[in-house]
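In what follows, a structure is listed as structure tokens, so that the remarks can point back to it.
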Amino acid sequence: MNYWLMKSEPSTFSIDDLKSRPNKTEPWDGVRNYQARNFMRDDMRKGDLVFFYHSNCAEPGIVGIATVASEAYPDPTAFDPEDSHYDPKSDPDKPRWFLVDVKFKRTFKRTITLQELKEHQALADMKLVQKGNRLSIMPVTKQQWDYILALE
DNA sequence: GCCAACGTTGGC
DNA sequence: GCCAACGTTGGC
């Protein structure tokens, strides 16, 4: 069992959007960063737990929990010239970009804000709270996971 | 292989 | 809307 944090801009796709999807599940498409891709493709397993993080919004922070609902598979939006995430260099025979399906689990009673997370020394090692970090998918240790859950 | 230019992320 | 930080691209 692994733990993760995945960022999404709520104006594009919020945790409420995920909750209202059929089967409460959505392909996490559009990731075009190699580190983030590698986490999904190489390390994520069905059943892993995910902190759902709202970025680039009035109150950035962790808003709830999702689960990894599939193994990794090629991101179809990379093959679609009409899609904003189209990448002509991703060949269907040798796909460059991968994704996993993500399923809604629950919404927190309150947002655990980035500001708050930064105040905890126990979380100082998280990429999330470090200056200049832009990684949209990152691993979370069991210790960090439990610590953050206790803040809710 | 270097590195300047450019585009994107994301907090503020 | 601004801008710092960072990743990628492409000329050389």
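These numbers come from the heavy atoms of this one structure, side chains and all, not from hydrogens, waters or symmetry mates. Below, chain A is the first sequence line, B the second, and so on; all start at residue 1.
Distance Arg32(A) CZ to dC6(B) P: 24 Å, rounded to the nearest Å. One interatomic measurement links the two molecules: CZ of Arg37(A) to C1' of dG7(C), which rounds to 14 Å at whole-angstrom precision. Residue Ile62(A) contributes atom CD1, which lies 16 Å from atom C1' of dG10(B) at whole-angstrom precision. In this entry the distance linking CG of Asn33(A) with C1' of dA5(C) reads 14 Å, nearest Å. Between the C1' atom of dG11(B) and the CG atom of Leu128(A) lies a distance of 11 Å, rounded to the nearest Å. Rounded to whole angstrom, the span from the CD atom of Gln35(A) across to the C1' atom of dT8(C) amounts to 14 Å. Rounded to an integer number of Å, the gap from Arg96(A) CZ to dT9(C) C1' is 12 Å. Counting to the nearest Å, the P atom of dC12(B) and the CD atom of Glu9(A) are 15 Å from each other.
Of the two residues near DNA chain C, Gly132(A) and Asn56(A), the one whose nearest nucleotide lies more 5' is Asn56(A).
Considering only side-chain atoms of Leu114(A), the nucleotide from dC12(B), dT9(C), dT8(C) that sits closest is dC12(B). Nearest to the side chain of Pro60(A), among dT8(C), dG11(B), dG10(B), sits dG11(B).
Between Phe52(A) and Trp28(A), the angle of the ring planes goes over 60°, which puts this pair in the perpendicular group of the 30/60° scheme.
Separation of the Trp4(A) and Phe39(A) ring centroids falls under the 6.0 Å cut-off. A ring-centre distance under 6.0 Å is not found for Trp97(A) and Phe79(A).
In terms of phosphate contacts, Lys131(A) brings a side-chain nitrogen or oxygen within less than 4.0 Å of OP1 or OP2 of dA5(C). Residue Lys7(A) places no side-chain N or O under 4.0 Å from the OP1 or OP2 atom of dT8(B). Of the side-chain N and O atoms in Tyr53(A), one or more sit less than 4.0 angstrom from OP1 or OP2 of dG11(B). Side-chain nitrogen and oxygen atoms of Lys118(A) include at least one within less than 4.0 Å of the OP1 or OP2 phosphate oxygen of dC12(B).
No donor-acceptor pair under 3.5 Å is formed between the side chain of Asn33(A) and the backbone N or O of Ser136(A).
Around atom CD of Glu152(A), more than 12 heavy atoms belonging to other residues, nucleotides or ligands sit under 6.0 Å away.
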